[in-house]
Amino acid sequence: MDERDLIRRSQAGDLQAFEILVREKRNQVFRIARQILGDEEEAKDIAQLVFIRLWQTLGRFSEGGSFNAWLHRITVNLSIDCARRRRGRAQVEAREPTILDGARAEGGTSRSEMAKGEVQRVFQELAARLSPRQRAAFVLREIEGFSTEEVSEMLGMRMSTVRNHVHAARQTLQEGLRKLFPEYARRRSGDVS
Amino acid sequence: MRNEEGPLETDVESDPTRLFRALKEADPPEEFWSGFWHSVRAGIRDSGRARPALTPGRALLLGSSAGLMTAVAILALVLLVRPLAHPPASGIPLPRAVPPRVLAVEEEKAPPPILEDLQSASARVYTFHVGEPSDATDVILIVDEKIDI
């Protein structure tokens, strides 16, 4: 059953089809929420809300549109709302060890996985300097790899605004890397992936 | 989705995206999702919707058919109630109908007319109806042995 069938059946009220759709999309929804929020547990809670909201609004989704744009618009909106509610709280420094960190530590993780954990920590620290919209634009465009057009649809803003946000975010991150993590600024991408 | 791959040996200093793109691969393990679908399903149930929201077209269709059914029900109710509330008018005013049984009871309960004060405990009064029922005349006969004629 392809994605269109799953969407169609879900629109007709088929919870089993919706469950499959959730399984297929949950990682991406979680990743986006996590990069915007910087907290795994919050991101998981937001992911739940995203799929509940998706079920409630799926009847309004038309087949001609982009399902990813529809889904991640919900993801981004709920994540930004959540981030704004708890703005000002120190998330990165105070956060507890998480399941992902534990899994990496216990599972005899490879060097590259450990490196990803480090990169995650660096990103959370530097991305705290970005506005929620800049952060969302950067995550969707530069990390998840959506096109500028798709991101503009997800964020409900013009493509030129998306480009501006991404550019500003990139500059802030670059500056932060130079100042706070010079060892990363000098590294090459082949070393971490 | 964009599918362009940059050179592996790109200087991170010139483009931090190269460093952070690795985060796309950081998916949680399967056990992280245990109970997730259960919570989503419970949330769906709690939200009070057994089915996804209706499309505007479906909502309009449902709304209009509900409206139509309501209108038909109101019309039927009006047609049923109106004849009772407003009886058909006629040129001749009808007499007020009084149930006959009520009249009979009133006649039975009415006291007999007082003809005269007899002043005698032994006097007897006999009433005779004389003539046709439509034109009857009462003849009253008073008998008392103590009367001195």
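Atoms considered below: every heavy atom in the structure, side chains included; atoms not considered: hydrogens, waters and symmetry mates.
- When each of A:Glu19, A:Gln35, A:Arg53 is scored by its heavy-atom pairs under 4.5 Å with chain B, the top score falls to A:Glu19.
- Residues A:Val22 and B:Phe36 form a side-chain contact, since some pair of their non-hydrogen atoms from C-beta on lies under 4.5 Å apart.
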Go through the steps to decide whether A:Asn27 and B:Trp33 satisfy the test side-chain contact (heavy atoms from CB on, under 4.5 Å), and finish with yes or no.
CA-CA 9 Å; A:Asn27 275 331; B:Trp33 296 112; 3.2 Å; yes
Between B:Ile44 and A:Phe51, is the side-chain contact (heavy atoms from CB on, under 4.5 Å) condition met? List the steps.
CA-CA 9 Å; B:Ile44 288 170; A:Phe51 288 112; over 6 Å; no
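- The two residues A:Arg23 and B:Glu30 come nearest to each other via the heavy atoms NH1-OE2, 4.1 Å.
- Here CZ of A:Arg34 is found 8.0 Å from CG of B:Leu23. Values are rounded to the nearest 0.5 Å.
- No continuous path of ILVMFWY side-chain contacts below 4.5 Å connects A:Leu140 to A:Met159, so the two sit in separate hydrophobic clusters.
- Around CD of A:Glu3, the count of heavy atoms belonging to other residues, nucleotides or ligands within 6.0 Å exceeds 12.
- Cation-pi geometry between A:Lys44 and B:Phe32 is met: the NZ or CZ atom falls under 6.0 Å from the ring centre, inside 45° of the normal.
- Taking the six-membered ring where the residue is Trp, A:Phe18 and B:Trp37 present tilted rings, their angle falling between 30° and 60°.
- Here the closest non-hydrogen pair linking B:Gly43 and A:Ile52 is CA-CD1, 3.5 Å.
- For A:Gln171, no part lies near chain B; criterion is any non-hydrogen pair under 4.5 Å.
- If you measure heavy-atom distances from A:Ala127 to chain B, you find no contacts under 4.5 Å at all.
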Please walk me through it: do A:Leu126 and B:Phe20 pass side-chain contact (heavy atoms from CB on, under 4.5 Å)?
CA-CA 11 Å; A:Leu126 296 180; B:Phe20 297 127; 4.1 Å; yes
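- Distance check, rounded to the nearest 0.5 Å: CG of A:Leu173 to CG of B:Leu19 gives 9.5 Å.
- For A:Asp45, the salt bridge (Lys or Arg N to Asp or Glu O under 4.0 Å) criterion is met by no residue, not counting sequence neighbours.
- Distance check, rounded to the nearest 0.5 Å: CG of A:Leu49 to OG of B:Ser39 gives 10.5 Å.
- We find the CD1-OG1 distance between A:Ile143 and B:Thr17 to be 8.0 Å, quoted to the nearest 0.5 Å.
- Of all heavy-atom pairs between B:Arg21 and A:Glu142, the closest is NE-O, 3.3 Å.
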